[in-house]
Amino acid sequence: MLLKDSYDRPVSNIRISLTPRCNLQCIYCHREGEVKPEKELSQEEIAEILRVAAKFGIRSVKFTGGEPLLRKDIVEIVRSVPEGMESSMTTNGILLAQYATDLKAAGMKRVNVSIDSIIPETYKKITGHDSLKKVLEGVQAALDAGLTPIKINMVVLEGINDHEIDDFLAYIRGNRNLVLQLIELMNFNNCEHHTKLNDLEDSLAARSKTIITRRMHHRKKYCLDGAEVEVVRPLHNSEFCKFCNRLRVTSDGKLKPCLLRTDNHIDIRGKSRKELEDLFVKAVATREPFYK
Ligand SMILES: Nc1nc2c(ncn2[C@@H]2O[C@H](COP(=O)(O)OP(=O)(O)OP(=O)(O)O)[C@@H](O)[C@H]2O)c(=O)[nH]1
Ligand code: SF4
Ligand code: SF4
């Protein structure tokens, strides 16, 4: 039986940040909402968290960061995912070519890869590094290894990459294993590059053959001719929060009931199995939609 919060939202998936470290410096990075992270969880601590998650019926885990592939024990971590639980990862793709085959062999189902521009100079401007070629090789390696479907995550930045959407569509078009995911920038610092995605969604809707509403966050998925596009609009979106079914774990071992809150973290380090289970129940009970 899945745990439910008092807003009737079941927790069906868990997101574990494996490290706050990253080999890029994106201009908009929210670091999964972590503040001053301390010592990273060990592989055994992660395995124990996953066992408890499985006990509460959670059947899906997403590994995030920072950059999760910076963990030297990443393949071991993936191997420790309990049977029956699907694992995936959100990565910047730089080390993906190196790890794709091993991740698949360890049981990982699929990956999301962040690519904010397919123009090398713009990619460098956003991420601080000249790594686009490596990332595209990583995507190809993940396709070859069968880590699919692969979502290409693009954070839309006004005046920087917002004119590239058709280029991205051309990149994924015809490959059923690639999905484009357009993400609204989390505009915490009143960033001049923030843009709402409403107009973009309207134009996708007009061009779509089918529109699917996913259960998670009630996100819309637009099926265009030969290309699938998912849109993530988390800001001031009560519908998004109403259908939020995730519980997060920070890289230093705290249950995090909401990405946008730092005041209700629950430390789960050094706890017995029974205490850990009780803290899971407590964390789910404190969950509430950020935007109501
Ligand atoms: N506010 C908010 N934003 C989220 C949440 N989950 C994901 N996001 C945003 O969506 C972006 C993409 O998330 P990913 O890590 O690729 O995973 P996903 O697409 O949510 O998950 P899958 O569909 O399982 O692959 C993140 O960078 C966040 O900005 C959430 O629970 N709350
Ligand atoms: S790749 Fe992800 S974690 Fe790394 S800096 Fe960019 S947004 Fe942040
Ligand atoms: S802001 Fe919080 S409640 Fe809303 S979708 Fe994100 S994690 Fe869930």
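Each residue takes its place number in the sequence, starting with 1. For ligands, and for the atoms within them, numbers begin at 1 and follow the listed sequence. Model, not experiment: these values are computed from the prediction.
For atom 2 (Fe) of ligand 2, no protein heavy-atom neighbour is present inside the 4.0 Å cut-off.
Neither the backbone nor the side chain of R287 comes within 4.0 Å of ligand 3, counting heavy atoms alone. Under 4.0 angstrom from ligand 1, there are no non-hydrogen atoms of F290.
With a 4.5 Å cut-off on side-chain heavy atoms, Y7 and E288 count as touching.
When all heavy atoms are compared, the tightest approach of V179 to E230 is CG1-N, 4.5 Å.
Inclusion of C244 in the first shell of atom 8 (Fe) of ligand 3 is supported: an N, O or S atom falls under 2.8 Å.
Residue contacts with ligand 3 include R9, since one of its heavy atoms falls under 4.0 Å from the ligand. Under a 4.0 angstrom heavy-atom cut-off, G66 registers as being in contact with ligand 2. At least one heavy atom of R110 sits closer than 4.0 Å to an atom of ligand 1.
Among protein heavy atoms, atom 7 (S) of ligand 3 sits closest to L259 N, 3.2 Å. Among protein heavy atoms, the minimum distance from atom 4 (Fe) of ligand 3 is reached at C241 SG, 2.3 Å.
No donor-acceptor distance shorter than 3.5 angstrom exists from the side chain of S131 to the backbone of K134, with no hydrogens or angles considered.
Between K292 and S238, the side chains place no donor N or O within less than 3.5 Å of an acceptor N or O (distance only, hydrogens not considered).
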